[in-house]
Amino acid sequence: MDLEQCRIPVQQFTDVDKNKFLQEIYPLRKPVVLKGLDLGVCKTRWTVDYLSKIGGDHEVKIHVSEMPQMDFIKKNFIYRTLPFNKFVHRAAENKHNEYFISEDEKYYLRSLGEDPRKDIADIGNQFPRLAADIQIPQFFDKDQFFSSVFRISSPGLQLWTHYDVMDNLLIQVSGKKRVVLYSPRDAPYLYLAGDKSEVLDVDNPDLDKYPLFSQARRYECLLEAGDVLFIPALWFHNTVAEEFGVGVNVFWKHLPSECYDKTDTYGNKDPTAASRAVQILDRALKTLEELPEEYKDFYARKMVLRIQTKAYSSKLE
């Protein structure tokens, strides 16, 4: 089956300040590309040699995959550790003389806190000299800040489709990156496993296995060096590094702090009320197992209708 999917270009804005962002863009809760923002000297400085020199030889934990499409559900990658300067040079290569799996392997760095179980990623703490080069757009209050994640991707690397529970600015400092996004309202078509979609190849999906995927509306943009993509919380996104790329993701809290799981250091645990609701639903489904199949099916359908009537919004696209 060929994929026939509604494709929508992500809207672009130029020279946006905080006032315009908060008044005209943010309330719409849709992704937008922001161009012409002052990001500091990082755009011209962050070459492979500069990053290697400033980052030095401290060791970083990285993803290594033989396949360009990384799959976090099936874990088709391994974790390895390399000195940062060696990692940067390897990540910029198309073929490697030194490698873990194969000469074509792909690399991906997502910076972590000092203790990932307790500490959030913050470029100011993990890479302070590089943090001095970048000016992060201040489109949120300081007490809303959650994390700033430094990322480096090999050319051709594709990351799995997933959502985050916090708002996000994806700052593309160098290289080109294609981003495909899906609305939270299209979750029924994405075959979810937790916060991730089982559909790994969004360009050539197996429609025999995932027939509903073609109904998902596909928003798409190509980020160039210096572009910033606003990704609202709950929007699914899939990225492909068209070139060796360096970027920073900045996450901030859209909801009051007490709504979030205090043990979450990645920004991907569902709000506590949502987690409790899922637990209650799981208990209800287990209770339905006490009924014969015909009755279980009937009352499950009634539950779905009740959820749709009580919780679905008619105001959201």
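Given the structure is predicted, the values throughout are model-derived calculations rather than measurements.
With rounding to the nearest 0.5 Å, the separation of CG in Asp115 from NZ in Lys118 is 5.0 Å. The distance from the CG atom of Leu109 to the NZ atom of Lys61 is 12.0 Å, given to the nearest 0.5 Å. Atom CG in Asp206 sits 11.5 Å away from atom CD in Glu198 (nearest 0.5 Å).
Across all non-hydrogen atoms, the minimal contact from Tyr108 to Ser153 is CD1-OG, 3.7 Å.
Not one N or O on the side chain of Glu289 forms a donor-acceptor pair closer than 3.5 Å with the backbone of Lys286.
Both the sub-6.0 Å distance and the 45° axial angle are satisfied by Arg29 relative to the ring of Tyr26. Note that Arg90 lies in the cation-pi zone of Phe100, set by a 6.0 Å cut-off to the ring centre and a 45° limit from the axis.
Residues Trp160 and Phe72 bring their aromatic ring centres within 6.0 Å. Taking the six-membered ring where the residue is Trp, the centroids of Trp235 and Phe230 are separated by 6.0 Å or more. Ring centroids of Tyr163 and Phe236 are separated by less than 6.0 Å, placing the two rings close together.
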**Asked** Does the salt bridge (charged side-chain N to carboxylate O under 4.0 Å, His left out) test come out yes or no for Arg301 and Asp297, once each step is laid out?
**Response** CA-CA 6 Å; Arg301 292 175 188 274; Asp297 178 88; 2.8 Å; yes
**Message:** Please determine whether side chain to side chain contact (heavy atoms under 4.5 Å, CB included) holds for the pair Val64 and Phe77, giving the CA-CA distance in whole Å, both sets of side-chain angles, and the decisive distance to 0.1 Å.
**Reply:** CA-CA 5 Å; Val64 183; Phe77 55 85; 6.0 Å; no
